[in-house]
There are 2 protein chains.
Amino acid sequence: MAARMTRQRTAVVEALDELADFRSAQQLHENLRARGESVGLATVYRALQALADASEVDVLRAEDGESLYRRCARREHHHHLVCRSCGRTVEIDGPTVEAWASKVAAAQGFDDIEHTVELWGTCADCRAAASK
Amino acid sequence: MAARMTRQRTAVVEALDELADFRSAQQLHENLRARGESVGLATVYRALQALADASEVDVLRAEDGESLYRRCARREHHHHLVCRSCGRTVEIDGPTVEAWASKVAAAQGFDDIEHTVELWGTCADCRAAASK
DNA sequence: ACGCTTGTTGAGAACGGTTGTCAAAGATCG
DNA sequence: CGATCTTTGACAACCGTTCTCAACAAGCGT
């Protein structure tokens, strides 16, 4: 169970660090190959999974169900405002939302509460590009 | 483009009405077969899709990415508190959340904002059953 | 009631993202 | 260096969902 530091894992982390926004496993894989790093797709998935388990990366689901990964600045719980078309991401937190969520859930007798709060939109740049 | 009322579509709507909680397309399909209604899986998917487009049912993604459907009481925008293990659902709305979401997004220059706010937990019954 | 037209159905193939398989490769330690 | 034991990667398998297309049936006009 000792996590070994391999060339591939390092490469995945590096790729994540360079790309500041949410990316799919496949995008990262392509990115790695493009720069000459030979890494298997399955390995990319495994690395991302491990990083997610260790809370080193945030995972979120695109509207079509694909998983997107990102290395976030803050490790504490937070939410995201993501551009639908380019993936550009802004970290946000909503203290009022947290409080609201747990209060509502508790009032209904629910336990082990987890909440999903994500904002999707089109960023200024993409909007400009679309109406070119 | 005229929507025809077929036996299959009626069956899907009926099944949804009986099952008050969020169910997957496959669960609904099984449910229909179990009661003798012969309906193809693809048809169930199509019916659910059409209903979702018409805002007749709410769709949400389970943690594993599967789509879950439910006929909600209110047609207006609202959120859900869903039991992870039995699918039991409580409709909730959070006026404060709505306001917060659009304000935050606008402040970042984002447009076309959409937000996902769902609460997952374990309902009282399932908690009791688990610690039997 | 009876065709006709046209949307709908269903079985199975296809698809796309993700995970499993397993022999070969390589990281770590003594 | 050698032994050990995790990791890798090409490919198959999976699973939910969508597509294909010939057979079918709603709804409409007569």
Side-chain angles (χ1 to χ4, degrees), chain A residues 1-16 19 21-54 56-70 82 84 87 118, chain B residues 1-16 19 21-54 56-70 82 84 87 118:
Chain A
M1 87 172 302
R4 291 183 182 170
M5 188 59 71
T6 63
R7 173 180 63 77
Q8 293 86 339
R9 269 174 213 182
T10 315
V12 170
V13 173
E14 270 174 25
L16 279 167
L19 301 166
D21 305 322
F22 274 98
R23 298 291 175 213
S24 70
Q26 318 229 22
Q27 285 177 316
L28 285 165
H29 179 237
E30 260 186 55
N31 202 289
L32 287 167
R33 297 210 100 110
R35 73 166 77 174
E37 286 280 0
S38 163
V39 181
L41 178 56
T43 301
V44 173
Y45 273 105
R46 281 184 293 234
L48 289 171
Q49 214 164 258
L51 288 167
D53 287 349
E56 290 281 328
V57 299
D58 277 22
V59 191
L60 73 83
R61 297 254 175 193
E63 299 177 341
D64 67 354
E66 196 174 8
S67 291
L68 304 178
Y69 304 84
R70 176 178 196 256
V82 186
R84 237 184 307 265
E118 302 297 343
Chain B
M1 89 169 301
R4 290 182 185 172
M5 188 59 72
T6 63
R7 172 180 63 78
Q8 293 86 337
R9 268 173 212 183
T10 315
V12 170
V13 173
E14 271 174 21
L16 279 167
L19 300 167
D21 306 321
F22 274 99
R23 298 292 175 213
S24 70
Q26 318 229 22
Q27 284 178 316
L28 285 165
H29 179 237
E30 259 186 57
N31 201 290
L32 286 167
R33 297 211 100 109
R35 73 166 75 175
E37 286 280 1
S38 163
V39 182
L41 178 56
T43 302
V44 174
Y45 274 105
R46 280 183 293 233
L48 289 171
Q49 212 165 259
L51 288 166
D53 288 349
E56 290 281 326
V57 298
D58 278 21
V59 191
L60 73 81
R61 296 255 177 193
E63 300 177 340
D64 67 352
E66 196 174 9
S67 292
L68 304 178
Y69 305 84
R70 176 178 194 255
V82 186
R84 235 185 307 265
E118 301 297 343

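Throughout, protein chains are lettered first and strands after them, A, B, ... in sequence-line order, and every chain is numbered starting at 1. As a basis for the values below, the full set of heavy atoms in this structure was taken, side chains included, without hydrogen atoms, waters or symmetry mates.
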Heavy-atom donor-acceptor pair, B:Arg9 side chain to B:Ala47 backbone, under 3.5 Å: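 Answer holds: no.
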Minimum-distance nucleotide to [X] side chain [options: [options]]:
| X | options | answer |
| --- | --- | --- |
| A:Met5 | C:dG12, D:dT8, C:dT28 | C:dT28 |
| A:Arg33 | D:dG9, D:dA10, D:dT7 | D:dA10 |
| A:Ala25 | D:dT18, C:dT18, D:dT8 | C:dT18 |

Among A:Thr10, A:Leu32, A:Val12, which one satisfies side chain to side chain contact (heavy atoms under 4.5 Å, CB included) with A:Glu37?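 Filter result, single survivor: A:Leu32.
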For the pair A:Arg61 and A:Glu118, find out whether any cationic side-chain nitrogen is under 4.0 Å from an anionic carboxylate oxygen.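 Not counted as a salt bridge, because no side-chain N and carboxylate O are separated by less than 4.0 Å.
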Side chain of B:Arg4, base of C:dG7: donor and acceptor closer than 3.5 Å?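 Indeed, a donor on one side and an acceptor on the other fall under 3.5 Å apart.
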What about B:Arg46: does its side chain form a donor-acceptor pair under 3.5 Å with the base of C:dG10?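 By the distance-only test, yes, there is a pair.
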Can you measure A:Leu48 atom CG to C:dT18 atom P for me and round it to whole angstrom units?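 One finds 10 Å between P of C:dT18 and CG of A:Leu48, rounded.
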Separation of B:Tyr45 atom OH from D:dG16 atom P, in whole Å?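 Taking OH of B:Tyr45 and P of D:dG16, I get 7 Å after rounding.
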Looking at every strand, decide which applies to A:Ser67 at a 4.0 Å heavy-atom threshold: base, sugar-phosphate, or nothing.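 Sugar-phosphate, backbone atoms only, no base.
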Nearest nucleotide by nearest heavy atom, which residue falls closer to the 5' end of DNA chain D, B:Ser24 or A:Ser38?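 The 5'-side residue here is A:Ser38.
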